[in-house]
Amino acid sequence: MARILVAEDVPEMREALDLVLRQAGHEAVLTGDGEAALASLGDSAFDVLVLDIWMPKRGGLDVMKAITENWPEMPVIVISGGGPDATLENVTAVADLYGAIRVLYKPFDDEELVEAVAEALGA
């Protein structure tokens with residue numbers, strides 16, 4: 001079982017991710033924005049971060065930069081449905097630059113998330 005931090009601003013999506021991760025045997029801690037995600041990373045130990053790119057207060061790309069600087073060993077799975085400021089291709093390029101394990105495009109299958117977590121855990 002892994003301890004997974006989920007940073008997703010849409011409540012329904014956050015709850016769906018929680019359900020999938022719990023069904024796969026993991027513990028999920030849920031946050032709704034980038035600032036809360038960074039605060040959680042500073043307060044607790046996590047095995048994986050599932051990170052939405054477009055969030056209020058502090059976006060996922062800013063969070064990725066902070067993770068690279070402060071928690072360089074943290075495996076990150078980026079999720080995105082696109083957004084107003086960049087194409088999915090740009091998001092993927094930046095996520096790759098910051099070392100994301102995988103980028104999942106919404107809507108994605110539950111199995112894709114579970115496989116990405118397994119990959120992040122080195123399974």
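This structure is a prediction, so every number in the text was calculated from the model and none was measured.
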- Quick one: pull up CG in L17 and CZ in R22 and give me the separation to the nearest 0.5 Å. 11.5 Å

- Rounded distance [0.5 Å steps], CG in L61 versus CG in L97: 10.0 Å

- Query: What pairs with K106 under salt bridge (Lys or Arg N to Asp or Glu O under 4.0 Å), at least two apart in sequence or on another chain?
  - Reply: E8, D52

- Value for CG (N70) from CD1 (I67), rounded to nearest 0.5 Å, stands at 9.0 Å

- Query: Can you name the nearest heavy-atom pair linking D33 to P56, along with the distance?
  - Reply: CB-O, 3.2 Å

- Query: Honestly curious: do I101 and V6 fall in one hydrophobic cluster under the side-chain, below-4.5 Å linking rule?
  - Reply: no

- Residue pair L5 / A37: nearest heavy atoms and the distance that separates them: CD2-O, 3.5 Å

- Task: List the atom of L51, the atom of G60, and the distance in Å for their closest heavy-atom pair.
- Result: CD2-O, 3.4 Å

- At what distance, to the nearest 0.5 angstrom, does CD of E115 lie from CG of D110? 11.0 Å

- Any side-chain heavy-atom pair from I4 and D47 closer than 4.5 angstrom? no

- Taking every non-hydrogen atom, the tightest pair across L113 and F108: CB-CE1, 4.0 Å

- Pairs flagged by salt bridge (Lys or Arg N to Asp or Glu O under 4.0 Å) wherever residues 58-69 is involved - sequence neighbours left out: none

- Message: Starting from I53, can I reach V94 by hopping between I/L/V/M/F/W/Y residues whose side chains sit under 4.5 Å apart?
- Response: yes

- Note on the structure: Smallest heavy-atom separation, H26 atom then M1 atom, equals CA-CG, 3.6 Å

- Message: Membership question, hydrophobic clusters at under 4.5 Å side-chain separation (ILVMFWY): are L19 and L104 in the same one?
- Response: no

- Query: If we only count heavy atoms from C-beta on, is the L41 to L38 side-chain gap below 4.5 Å?
  - Reply: yes

- In the single-linkage hydrophobic clustering (I, L, V, M, F, W, Y; side-chain heavy atoms under 4.5 Å), do V10 and L30 co-cluster? yes

- Taking atom CH2 of W54 and atom CG of D9, what is their separation to the nearest 0.5 Å? 11.5 Å

- Message: Among I77, V76, T92, exactly one meets side-chain contact (heavy atoms from CB on, under 4.5 Å) together with V103. Which residue is that?
- Response: T92

- Might you point out which heavy atoms bring V63 and G34 nearest each other, and give the distance in Å? CG2-CA, 3.6 Å

